[in-house]
Amino acid sequence: MAPTSQVLTKHSSNVRTIILNRPQQLNALTLEMVSQLLELLNAYEEDPSVKLVIMKGEGRAFCAGGDVAALANGSWKQGAVFFSRAYTIDYLVATYAKTQVSLIRGIAMGGGAALAIHGRFRVVTDNTLFAMPETALGSFPDVGSSYYLSRLPGFFGEYVGLTGARLDGAEMLACGLATHFVPLEKLSLLEDALCKANTGDPEIINNIIHDFSNKNPKLKEKSHYFRLKTINSCFSRRTVEEIISALEEEADRNMDDWISWTIQALKKASPTSLKISLRSIRAGRLQGVRQCLIREYRIFCTILQGKVCKDFFEGCRALLLDKDKNPKWEPSKLELVSKQMVDSYFAPLDDEDWEDLKLPVRPNLTSYAISKL
Amino acid sequence: MDRVNFRTQILTRHLQTHQTTTDLLNTAPCVSYTPPELSEPSPNFDTTSLRKLLDGQSVEDIDYIFNLMIQSNLFCPRERGGKVFIAPDFNQSMEQQREMTMRRIDYLREKGAFDGWFDRKGPEGDLWRFAQAESVSVFDHSLGIKLGVHFFLWGGAIRFMGTKRHHDKWYKPTETYEVKGCFAMTELGHGSNVRGIETITRYDASTGEFIINTPCESAQKYWIGGAANHATHTVVFSQLEISGVNQGVHAFIAQIRDENGNVCPNIRIADCGHKIGLNGVDNGRIWFDNLRIPRENLLNSVADVSPDGQYLSAIKDPDQRFAAFLAPLTSGRVTIAASSMNTTKIGLATAIRYSLSRRAFSIRPNEPEVLLLDYPSHQRRLLPLLAKTYALSFASNYLKMIYVKRTPESIKTVHVVSSALKAVLTWHCMRTLQECREACGGQGIKTENHVGHLKSEYDVQLTFEGDNNVLMQQISKALLAEFLAAKKRNKPIRGLGLEHLNKPAPIIPTHLTSSTLRTTQFQTDIFCLRERDLLHRFVTEVSQYQSQGESKEHIFTVTYQTAEDLGRAFSDRLILQTYLDVEATVPEGPLKSVLGLMRSMYTTIVLEEDASFLRYGYLSTDNAAVVRKEVLKLCSELRPHALSLVSSFGIPDAFLAPIAFNWVDANAWSSV
């Protein structure tokens with residue numbers, strides 16, 4: 001039975017199902033939830049009777065991410081505890097020794113998306129909605145996303161990470177964030193079939209999911225993915241400033257809703273966030289998931305410490321607390337964010353009590369989230 | 001267990017029933033892959049700080065180019081053993097490889113990677129340009145060379161040998177690749193001896209044109225990168241004859257193809273054909289059949305010809321004119337030295353990672369087989385090369401810095417240091433690759449594993465931009481000149497790090513110990529002693545020949561043995577000095593300790609390997625034995641840091657090889 005109400009578990013012979021259960025808050029992660037998830041994932045990995053772990057969300061969302069509004073209020077050290085646990089979960093999922101399937105129904109954002117994306121089998125469906133919306137909040141795409149975003153085709157990852165673009169299930173499958181697309185009405189049948197199969201053999205699991213899948217879900221007419229060519233030519237630029245000016249040049253040639261939305265999204269986001277995010281994704285492309293998480297932890301702790309810039313607190317205020325949707329970023333312009341400022345997010349914190357994220361030693365280092373070639 | 005018992009057991013096993021044998025086979029664990037990250041101690045120093053010492057302020061520029069390459073299908077990404085690797089497809093034909101090189105350059109250009117190539121000023125600009133060239137070479141030497149020929153040789157000739165009129169005309173189309181440049185210096189008959197080239201150019205005052213001619217087959221331009229397929233323009237090096245007087249070698253701009261890629265009239269081009277490596281570069285041969293070019297196409301920074309055909313130059317001495325003319329092209333040697341270090345890093349990172357996951361032979365029965373790098377012999381093969389690579393990389397950075405901060409006064413130093421380091425670093429690169437190839441066993445033979453294949457790709461470094469042996473002799477000539485000039489002025493010798501010659505000769509302890517060997521004092525002393533003594537020997541030898549009335553040219557041909565030893569001695573002392581300078585910038589702590597360890601490894605291995613220490617008696621045979629023992633000890637001390645040290649190279653996994661990671665999965669049946 002369920003240890004507590006925020007995370008439920010279901011046992012079916014050798015299969016364990018973890019259910020995120022805060023439906024009113026779209027299953028947003030609390031410290032209690034991450035602590036429980038950590039315990040459960042560790043326990044299942046060690047328990048020889050467990051062969052397959054399924055993860056899903058209760059209600060209409062998979063998981064809306066970390067409950068950041070709560071974090072913005074606490075001390076930065078409390079926040080650091082939350083993130084060190086959340087990132088450890090991401091690392092466990094990325095290197096999980098047992099077969100693991102995430103059924104991503106509804107919203108999967110930020111830290112919520114990461115729970116699933118790092119895993120081996122990522123099943124999306126008709127109403128799946130993915131986004132890494134952090135730059136609008138004065139933060140940056142973390143939770144190991146610098147690993148998986150940077151491994152998407154071309155420079156789609158930079159686009160998704162900087163603009164917070166929302167992707168549906170078909171788009172996630174197309175770009176490689178998801179491994180399978182299963183129509184909504186078949187999702188619970190799939191879950192039953194997985195439980196019934198009672199195996200951890202990845203090939204059998206793959207075949208079962210495959211049988212329920214729609215192999216080629218149609219991308220919607222206005223899909224971001226159709227803009228990959230423009231995305232590649234603009235989001236591959238060296239700096240955020242150059243990306244924006246490349247987009248503006250493109251807009252001069254072919255203005256449409258998508259390009260004006262993209263430019264707007266970048267102009268609305270925190271300038272500091274954009275610069276940190278771009279650099280973090282680019283660094284992530286050259287690193288393993290472990291190094292990515294360690295770097296992101298440095299960045300988030302620096303953000304929470306609030307010495308260089310307070311945009312995260314301002315973002316939480318404007319979007320989550322006061323909801324005036326009008327954050328005042330400081331520095332307010334990209335050109336005011338110096339290289340030294342950005343550098344400071346990537347360096348160890350200047351605080352005696354702080355140390356780099358300590359991730360557990362894992363039996364394997366294979367990470368599943370590699371993009372399709 | 002003694003041998004007899006062991007044999008008995010084995011024989012007993014053979015005699016057991018079939019069933020039991022099968023069980024044994026079934027229970028015997030398969031060889032599995034364990035990532036070195038799990039089996040090795042985690043770094044005890046900050047690997048990012050060490051990478052900063054290697055790549056300095058260029059880290060971000062380099063990583064950006066890596067990002068661009070990794071994300072494009074033009075760079076042939078392949079999944080092997082759960083990781084994505086990028087590498088050129090060397091199974092393609094020469095023509096296909098050449099086209100791919102060009103398409104990769106087009107891609108990088110479209111991404112804006114070369115924007116502002118000529119506009120970036122000062123040392124930052126130079127460092128940025130170096131970073132671009134070096135980072136593409138990590139993917140493929142052909143790509144680096146193709147880029148280097150266009151921007152550093154063609155672009156560099158326009159920049160440094162040309163004047164404003166050339167800059168205005170050629171910078172922009174060069175940056176955008178509307179003009180594809182090449183650099184026609186070497187001829188079939190003349191390579192290192194540039195002043196001996198036979199192409200001849202005369203001036204026709206009636207039309208205001210130069211006429212370039214290839215007078216004989218040995219004057220055909222040879223090995224001209226870009227000439228066979230793509231180049232539209234070239235810089236031609238040629239003797240300039242004005243009114244019957246040869247004014248020496250000058251450089252001209254000539255168009256060789258039209259905008260449609262057709263070879264121009266009065267030009268003949270042939271292919272150099274398939275090569276042992278670098279087949280992504282279209283090396284060609286060019287003949288000029290009295291080609292007429294406008295007077296303005298003479299690159300006139302040093303000398304010019306007036307419309308009415310007067311030869312004008314501020315530098316009267318042809319030797320000096322030639323030196324001034326070629327001096328700015330040193331940048332080629334700087335990039336070659338730096339690129340050779342990147343290649344060395346790829347080889348070592350691959351071989352060392354493999355040696356930390358591959359096992360061979362059990363020392364005792366029923367025990368697991370031993371990790372390759374746990375064999376002292378394997379450590380001896382790879383770890384000294386690792387320490388040396390750090391030392392040489394720091395030296396390469398020093399070269400870069402003196403190049404970008406060059407002044408008219410420092411040109412000589414830049415020339416000598418670049419000659420020395422180009423030779424020493426490229427030799428080290430080839431030697432390391434061969435050792436790495438062997439250290440990877442059969443896997444080193446597979447092209448996808450890089451270490452073996454890179455040898456043929458990089459071999460040419462030892463020859464182009466100055467044959468290594470010729471360069472080493474040039475160092476000794478320069479040192480001799482410095483020494484004699486100081487003596488003549490009756491002043492202490494200064495520059496090139498030779499100031500130690502003004503002090504009394506250092507004394508080397510009669511009985512060396514392990515701790516002495518590790519002091520900077522001793523290391524500096526013995527390297528200085530060797531340089532000083534060899535320079536004195538060289539001076540004596542040369543003056544003896546001089547007193548016999550021999551010509552300078554002849555003397556240098558017969559004193560080459562001492563000259564080469566001296567060249568080595570100079571280089572090793574310089575490398576140690578730059579290493580100490582880097583070390584001094586690092587605060588006390590684990591990183592400084594490991595740097596100290598590597599420095600001792602570097603100096604000790606030089607003492608062991610270079611015969612001159614014994615040959616000239618700087619080391620007694622007893623002391624040489626102490627040195628040899630110390631190498632073993634240093635290897636075992638460096639062993640725990642091996643993984644962290646190759647990780648600090650900053651070569652992304654995608655540029656390494658499948659054997660550097662999960663080579664079992666990479667070769668599994670399911671991946672076939």
Side-chain angles (χ1 to χ4, degrees), chain A residues 95 120 149-158 176 202-203 228-229 231-239 242-243 245-246 249 278-279 281-291 294-295 298 339 342-343 346-348 356 358-373, chain B residues 32-43 46-49 51-52 57 59-86 107-108 110-113 115-116 128 132 135 138 647 650-655 661-662 665 670:
Chain A
T95 56
R120 176 147 195 174
L149 288 178
S150 62
R151 278 156 180 80
L152 300 185
F155 297 85
F156 198 62
E158 273 94 337
E203 253 182 77
L228 193 55
K229 207 171 158 225
I231 289 170
N232 281 346
S233 82
C234 300
F235 282 84
S236 56
R237 299 286 154 162
R238 198 184 307 263
T239 62
E242 287 172 52
I243 290 174
S245 73
E249 276 172 39
L278 182 64
R279 176 132 153 220
I281 293 169
R282 298 261 163 95
R285 190 165 278 136
L286 310 178
Q287 294 177 326
V289 69
R290 185 185 183 93
Q291 292 164 291
I294 292 171
R295 169 175 34 74
R298 280 186 182 185
K339 187 180 175 300
V342 179
D343 283 347
F346 292 77
D356 268 321
K358 293 267 178 294
L359 290 168
V361 172
R362 303 290 295 152
N364 76 79
L365 294 176
T366 312
S367 192
Y368 302 113
I370 10 177
S371 105
K372 295 183 189 174
L373 300 178
Chain B
S32 66
Y33 173 80
T34 308
E37 279 79 4
L38 296 184
S39 51
E40 290 295 299
S42 48
D46 183 26
T47 51
T48 22
S49 304
R51 181 172 179 216
K52 272 228 173 84
Q57 62 188 83
V59 169
E60 271 187 77
D61 292 330
I62 294 170
D63 285 355
Y64 173 63
I65 300 292
F66 287 163
N67 264 270
L68 288 182
M69 294 195 286
I70 289 173
Q71 287 312 96
S72 165
N73 287 331
L74 286 171
F75 293 80
C76 310
R78 268 167 287 206
E79 204 220 299
R80 307 279 278 113
K83 275 184 108 73
V84 178
F85 297 96
I86 60 169
Y107 162 82
L108 293 168
E110 279 168 19
K111 296 289 173 223
D115 287 0
W128 174 79
Q132 308 296 303
S135 42
V138 172
S647 305
I651 307 282
D653 296 355
F655 293 85
F661 299 94
N662 194 336
D665 276 5
S670 57

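From a predicted model like this one, the values you see are computed outputs, not experimental measurements. A, B, ... follow the sequence lines: proteins, then strands. Residue 1 opens every chain.
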Q.
Side chains of B:Glu37 and A:Arg290, heavy atoms from C-beta outward: is any pair under 4.5 Å?
A. no
Q.
For a 4.5 angstrom cut-off between non-hydrogen side-chain atoms, does B:Thr48 reach A:Gln291?
A. no
Q: Mind ranking B:Phe661, B:Trp128, B:Phe655, B:Tyr33 by heavy-atom pairs under 4.5 Å with chain A and telling me who comes out on top?
A: B:Trp128
Q: Drop me the distance from B:Leu68's CG to A:Arg237's CZ, to the nearest 0.5 angstrom.
A: 9.5 Å
Q. Is the shortest heavy-atom distance from the side chain of A:Ile281 to the side chain of B:Asn67 under 4.5 Å?
A. no
Q | Non-hydrogen side-chain atoms of B:Asp63 and A:Arg279 separated by less than 4.5 Å | A | no
Q) If you measure from CD on A:Glu158 to CD on B:Gln71, what distance do you get to the nearest 0.5 Å? A) 7.0 Å
Q: Hey, could you give me the CD/CG distance between B:Glu110 and A:Asn232, rounded to the nearest 0.5 Å?
A: 11.0 Å
Q. Just wondering, are more than 12 heavy atoms of other shown residues or ligands nearer than 6.0 Å to NZ in A:Lys229?
A. no
